[in-house]
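One structure is given here, and the rest of the page talks about it.
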There are 2 protein chains.
Amino acid sequence: MSTKKISEGTISRLFIYLREITALVRMNIRTISSAELGERTNLTDAKVRKDLGQFGQFGVSGSGYDTGELKVALERILGKDKTWNVAVVGTGQLGSALLAYPGFKQHKLSVVAAFDADTKKIGKKISGVMIDSIEDMPKIIKEKKISIGVVAVPSESAQDAAEKLVAAGVSCILNFAPTSLSMPEKVKVKDVDLSRELETLSYFLANKR
Amino acid sequence: MSTKKISEGTISRLFIYLREITALVRMNIRTISSAELGERTNLTDAKVRKDLGQFGQFGVSGSGYDTGELKVALERILGKDKTWNVAVVGTGQLGSALLAYPGFKQHKLSVVAAFDADTKKIGKKISGVMIDSIEDMPKIIKEKKISIGVVAVPSESAQDAAEKLVAAGVSCILNFAPTSLSMPEKVKVKDVDLSRELETLSYFLANKR
DNA sequence: GTATGTGAAGTAATTCACAGCT
DNA sequence: AGCTGTGAATTACTTCACATAC
């Protein structure tokens with residue numbers, strides 16, 4: 001495990017490569033050059049090589065990368081060999097949709113707990129997941145070894161929900177509330193904000209020549 | 001309208017500032033410094049000033065920014081004064097959810113058409129929007145002056161759906177398929193890929209010290 | 001000949017730091 | 001005195017280009 005810092009961009013592209021490589025392996029294509037891989041992912045050959053180069057030397061001069069080997073290497077680098085437990089805070093419209101979302105399982109993330117401030121909901125199940133009281137969060141997060149917390153509450157309560165998750169021991173937050181959380185350095189926060197994506201499109205339309 | 005290129009990062013932060021400023025105006029706070037605005041948005045004072053500085057001089061030395069003025073300026077810059085028409089291609093689980101999603105309307109985007117390849121669905125309505133045949137896309141996109149296309153089809157059909165949208169005249173694509181689209185320079189593509197966000201979290205967990 | 005891996009060059013984004021305005 | 005606007009310095013990211021390996 002090297003010590004130099006890897007950029008978010010690189011990580012996110014590694015997943016793109018992995019997806020493509022997986023498809024190639026399925027198609028029985030054994031070898032691929034950085035140029036071809038770049039073509040297929042709409043990236044440049046240099047970027048492909050630089051990204052991969054940060055983790056070791058996977059290629060063979062003159063012929064390219066072995067798809068099978070690269071797939072295994074990327075899976076290891078990206079931690080696709082382990083499963084992580086997830087808790088969702090907030091079980092409104094969005095929270096419920098997330099509890100039903102199959103993508104978590106597909107990415108080796110297992111949603112094992114849900115929390116809601118509304119006492120009427122506690123004890124009920126959504127998509128097979130029991131809704132617990134916020135008060136029980138510390139105990140449950142520890143017991144179930146949960147490392148990812150999903151914030152699916154309104155903006156006003158988002159900071160509070162995130163702080164409770166972190167206090168209980170999670171180290172990653174996936175934030176769906178359209179507000180910026182302040183969190184200690186060591187906590188990884190990922191904002192998912194569809195509104196902002198939409199807004200960016202409006203800007204582009206308003207300002208294109 | 002200046003001619004220098006504005007980065008995506010800046011645009012996306014302007015929306016963050018606007019959100020905060022709107023809250024401040026509601027709270028009757030008349031003036032704010034870049035340092036305070038940075039504090040509230042978890043950004044630095046210098047970044048706030050640099051971002052705003054690209055569009056003009058909105059501040060007053062010694063006192064800061066007038067929240068009311070800044071709000072109006074940001075709204076104008078970001079095109080929040082116009083409404084844009086949207087078409088959704090694909091009316092499966094995701095497409096249907098998007099047709100029901102209130103966020104479009106909130107951001108002055110109006111979903112006025114939906115398309116699906118499945119002939120059994122054509123003529124039906126989802127959340128009040130009629131599902132049309134892909135064949136009618138060119139006509140409908142033009143008639144309804146649609147400028148944003150949302151791709152909510154499986155990966156295999158995503159490139160094709162996007163090309164049809166562009167051929168029909170849209171200039172922005174919001175892509176929900178986990179695949180990279182190749183599109184002409186002039187088309188703005190925005191990828192929304194929850195899977196990739198989730199995967200990035202796994203990486204962080206797998207690799208934290 | 002073909003394609004990698006990687007320093008060096010070139011761009012872009014961020015942070016610093018301060019002159020100048022109120 | 002307080003805070004903006006902005007060049008200059010720094011840091012991060014990307015692209016170039018080529019020596020090296022097969």
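Convention: sequence-line order gives letters A, B, ...; per-chain numbering from 1. As a basis for the values below, the full set of heavy atoms in this structure was taken, side chains included, without hydrogen atoms, waters or symmetry mates.
- Scanning atom types as modelled, no donor and acceptor separated by under 3.5 angstrom connect the side chain of A:Lys50 and the base of C:dT6.
- For the OP1/OP2 pair of C:dT15 and a distance below 4.0 Å, the side-chain nitrogens and oxygens of B:Thr44 include at least one atom meeting the criterion.
- The environment of B:Glu39 atom CD is sparse: at most 12 non-hydrogen atoms of other residues, nucleotides or ligands sit within 6.0 angstrom.
- Distance, B:Leu43 CG to C:dT15 P: 9 Å, rounded to whole Å.
- At the phosphate of C:dT4, OP1 or OP2 sits under 4.0 Å from a side-chain N or O atom of A:Ser34.
- Atom CD of B:Glu135 has 12 or fewer heavy atoms from other residues, nucleotides or ligands within 6.0 Å.
- If you check D:dT20, C:dA12, D:dT15 against the side chain of B:Lys5, the one that comes closest is C:dA12.
- Per the geometry, CG belonging to A:Leu52 stands 14 Å off P belonging to D:dT14, to the nearest Å.
- Taking side-chain N and O atoms only, B:Arg13 has no distance below 4.0 Å to OP1 or OP2 of C:dA13.
- Computed from coordinates, the A:Glu36 CD to C:dT2 P distance equals 13 Å when rounded to whole Å.
- Atom CD in A:Glu69 sits roughly 14 Å away from atom C1' in C:dT4 (whole-Å rounding).
- Partner of A:Val112 under the side-chain contact (heavy atoms from CB on, under 4.5 Å) criterion, chosen from A:Lys144, A:Glu143, A:Lys145: A:Lys144.
- When the P atom of C:dC18 is taken as reference, atom CG of B:Asp45 falls 15 Å away, rounded to whole Å.
- Of the side-chain N and O atoms in A:Tyr65, none sit less than 4.0 angstrom from OP1 or OP2 of D:dC22.
- Between A:Arg49 and B:Arg49, the one whose closest nucleotide on DNA chain C sits nearer the 5' end is A:Arg49.
- Map A:Ala46 and A:Glu8 each onto its nearest nucleotide of DNA chain D; the residue landing nearer the 5' end is A:Glu8.
- Rounded to a whole Å, the CZ atom of A:Phe55 is 14 Å from the P atom of C:dG5.
- The shortest distance between the side-chain N/O atoms of B:Gln57 and the OP1/OP2 oxygens of C:dC21 is not below 4.0 Å.
- A straight line from NZ of A:Lys47 to P of C:dA12 spans 12 Å, rounded to a whole angstrom.
- Each of C:dG20, D:dT15, C:dA13 was ranked by its minimum atom distance to the side chain of B:Ser7; first place goes to C:dA13.
- One can place CD1 of B:Ile11 at 11 Å from P of C:dA13, the figure rounded to the nearest angstrom.
- Of the inter-residue distances, the one linking B:Asp193 atom CG with B:Leu198 atom CG reads 9.0 Å to the nearest 0.5 angstrom.
- Across all strands shown, A:Thr10 has no heavy atoms under 4.0 Å from either base or sugar-phosphate atoms.
- Nearest heavy atoms, A:Gln54 versus A:Lys50: CG-O, 3.1 Å.
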